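Step one of this worksheet: look at the structure below.
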2 protein chains.
Amino acid sequence: MSEPTGLRARKKERTRDAIADAAVSLFLEHGFDRVSVNEIAAAAEISKPTLFRYFPTKEDLVLHRFADHQGEAARVVRGRESGIEPVTALRRHFRAALDRYDPVTGLNDHPQVVAFHRLVFSTPSLAGRLTRYQLEDEEALADALGEGIQAHVQAAQVLAIQRVLARANWQKIADGRSAGDVHPEAVADADEAFNQLQ
Amino acid sequence: MSEPTGLRARKKERTRDAIADAAVSLFLEHGFDRVSVNEIAAAAEISKPTLFRYFPTKEDLVLHRFADHQGEAARVVRGRESGIEPVTALRRHFRAALDRYDPVTGLNDHPQVVAFHRLVFSTPSLAGRLTRYQLEDEEALADALGEGIQAHVQAAQVLAIQRVLARANWQKIADGRSAGDVHPEAVADADEAFNQLQ
DNA sequence: GTTACTCGGTTAAAAAAGCAACCTGGTAAT
DNA sequence: ATTACCAGGTTGCTTTTTTAACCGAGTAAC
């Protein structure tokens, strides 16, 4: 009734974490473009083909945390309780993420998270690939919302809101404010944005 | 001009060490017969067949440190400088081991080493297999010494001396004395024994 | 304008590890 | 006496990892 945590699966997960950790820490130290995949493989004590078996591209070494959330919006809509509107479900989900200071909301002031976000946003190839992930997310959400152009529009609007909100939060954090301090504004912004949509 | 330490070799060595360490520490804690190979494999986070690929028997999990010294006496004889008698070479080799407090001489008071020796000597199957190792060692030494019965006799006598000396040293350590304190006696005993032989 | 790097990424073959199922021998309940 | 279990080891078979070699694009040297 759960994950059949065999020896194999456990070691795989650990290897994956080791690779991603080694990569991110090297990237944060020297910059994304200044670190080669060979160096990452060496630091993680694995071979280059193994690295690419775990992560399809160099960018995914950084973005896998977002990739792991892929399709989350669609899942939220499909899994909502009966009688609840899709946008309402998404709104509550975002609000919950805000309350637990989930990094995806931009409302998190842990130094590692901040540095990680700066790395992503200041590296063109990373930001580029990240938007590609968001596009796929949008497709999935549109599918979950129904058919026709209006489903696509709605999906795009909701995700655009989340992007804008996250970006605004991140900006305030980047300006030196604490997450707890920003939280009320973040909630107010979210309410306003979702109200406008609904 | 050195070990071509590939990724593969490095990981194998680490796995081997991890297995042996897990095994010995479990044995020291609960006793050799009270720990199953399944528990060892679980503690080392490997599967049972993998364990037996690294160590042929359960006993070897403990005795591999001795096994690694296999044939050492024979090598000392074959590698001696010209003009040096075999027994002299072995005598000097043992004296050098004594001076560096090599565990094989029994003259070592590190708690881990003491506990390890007690484990070996107080577990029949271990002591039994250890003597089997020594017999093989004896064969190899006899081969290195030449042919005929006298070579075998000489080999047996030298190794018997080393066994007795090591046992005597270990006994004094087990009685609570320090290695440094025992060292002079150990040297004197060795001299006397080897003098008697020569 | 070659030559020769380096980089991200791939391929094929061989080694190593995992897993489940089995064998043999002992020992404890029934 | 049978059953059943647990011990140390083994046997195939599959999955994972290493290795070395390669590809195609960019770029610096000469």
Side-chain angles (χ1 to χ4, degrees), chain A residues 2-20 22-24 26-27 30-64 67 119 123-130 132, chain B residues 3-24 26-27 30-64 67 119 123-130 132:
Chain A
S2 51
E3 347 71 28
T5 308
L7 213 43
R8 221 167 207 141
R10 233 177 12 217
K11 290 190 177 179
K12 265 181 95 158
E13 208 173 319
R14 248 187 292 201
T15 301
R16 197 181 150 87
D17 289 349
I19 298 173
V24 170
L26 281 176
F27 288 155
H30 301 116
F32 184 77
D33 304 306
R34 288 237 233 320
V35 180
S36 76
V37 293
N38 272 315
E39 297 175 273
I40 298 166
E45 300 204 277
I46 51 139
S47 67
K48 192 165 59 156
T50 299
L51 187 154
F52 281 108
R53 245 174 14 75
Y54 278 89
F55 298 92
T57 70
K58 187 185 179 186
E59 282 79 23
D60 288 290
L61 288 165
V62 177
L63 300 180
H64 72 106
L119 172 68
T123 306
S125 61
L126 286 178
R129 183 149 180 116
L130 182 54
R132 257 214 37 226
Chain B
E3 347 71 30
T5 309
L7 214 44
R8 214 168 212 136
R10 224 175 337 161
K11 289 189 178 179
K12 266 181 91 159
E13 207 174 318
R14 246 182 291 188
T15 302
R16 197 180 150 89
D17 289 349
I19 298 173
D21 287 354
V24 170
L26 282 175
F27 288 155
H30 302 115
F32 185 77
D33 302 308
R34 289 238 230 322
V35 179
S36 76
V37 293
N38 273 315
E39 299 176 271
I40 298 166
E45 301 205 274
I46 51 141
S47 66
K48 192 165 62 156
T50 299
L51 187 154
F52 282 109
R53 214 177 288 110
Y54 278 89
F55 298 94
T57 71
K58 187 186 180 185
E59 283 78 22
D60 287 290
L61 287 166
V62 177
L63 300 180
H64 72 107
L119 171 68
T123 307
S125 61
L126 285 178
R129 182 148 180 118
L130 182 55
R132 256 213 39 224

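Protein chains get the first letters and strands the later ones, always in sequence-line order, with residue 1 at the start of each. Remember, predicted model here, so these are calculated numbers, not experimental data. The basis for the numbers below is simple: all heavy atoms, side chains too, and nothing from hydrogens, waters or symmetry mates.
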Could you walk me through whether B:L130 and B:V62 pass the side chain to side chain contact (heavy atoms under 4.5 Å, CB included) check?
CA-CA 10 Å; B:L130 182 55; B:V62 177; over 6 Å; no
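With rounding to the nearest 0.5 Å, the separation of OH in A:Y54 from CD1 in A:I46 is 8.0 Å. Here CZ of B:R8 is found 9.0 Å from OG of A:S47. Values are rounded to the nearest 0.5 Å. Going from atom CZ of B:R16 over to atom CG of B:D21 covers 11.5 Å, rounded to the nearest 0.5 Å. With values rounded to the nearest 0.5 angstrom, B:R132 atom CZ is found 10.0 Å from B:E59 atom CD.
Aromatic ring pairs are classed by plane angle as parallel below 30°, tilted from 30° to 60° and perpendicular above 60°; the pair A:H64 and A:F55 is perpendicular.
Listed by residue number, the members of residues 40-55 of chain B with any heavy atom below 4.0 angstrom from DNA chain D are B:K48, B:P49, B:F52. Non-hydrogen atoms lying under 4.0 Å from DNA chain D are contributed by nothing in residues 30-38 of chain A.
When the C1' atom of C:dA20 is taken as reference, atom CZ of A:R8 falls 11 Å away, rounded to whole Å. Taking atom CZ on B:F27 and atom C1' on D:dG8, their separation rounds to 11 Å, with Å as the unit. One atom, CD1 of B:I19, and another, C1' of C:dG18, lie 13 Å apart when rounded to the nearest Å. Nucleotide D:dT17 holds its P atom 7 Å from the NZ atom of A:K12, rounded to whole Å. In this structure, the CD atom of B:E39 is 13 Å from the C1' atom of D:dG8, given to the nearest Å.
Shown here for A:A43 and A:L26, the closest heavy-atom pair between the two residues is CB-CD1, 4.0 Å.
Taking 4.0 angstrom as the limit, A:K11 places a side-chain polar atom (N or O) nearer than this to OP1 or OP2 of C:dG18. Between A:K58 and the phosphate of C:dC7, there is no side-chain N or O to OP1/OP2 separation shorter than 4.0 Å.
Cation-pi contact between B:K58 and B:F27: absent, since separation from the ring centre below 6.0 Å together with deviation from the ring axis within 45° is not met.
For A:T57, counting side-chain heavy atoms from C-beta on, the closest listed nucleotide (C:dG9, D:dG9, D:dT16) is C:dG9.
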Give every donor-acceptor pair under 3.5 Å between a side-chain atom in residues 33-40 of chain B and any protein atom, sequence neighbours left out.
unit_1 : atom_1 : unit_2 : atom_2 : d
B:S36  : OG     : B:N38  : N      : 3.4
B:S36  : OG     : B:E39  : N      : 3.2
B:S36  : OG     : B:E39  : OE1    : 3.4
B:E39  : OE1    : B:S36  : N      : 2.9

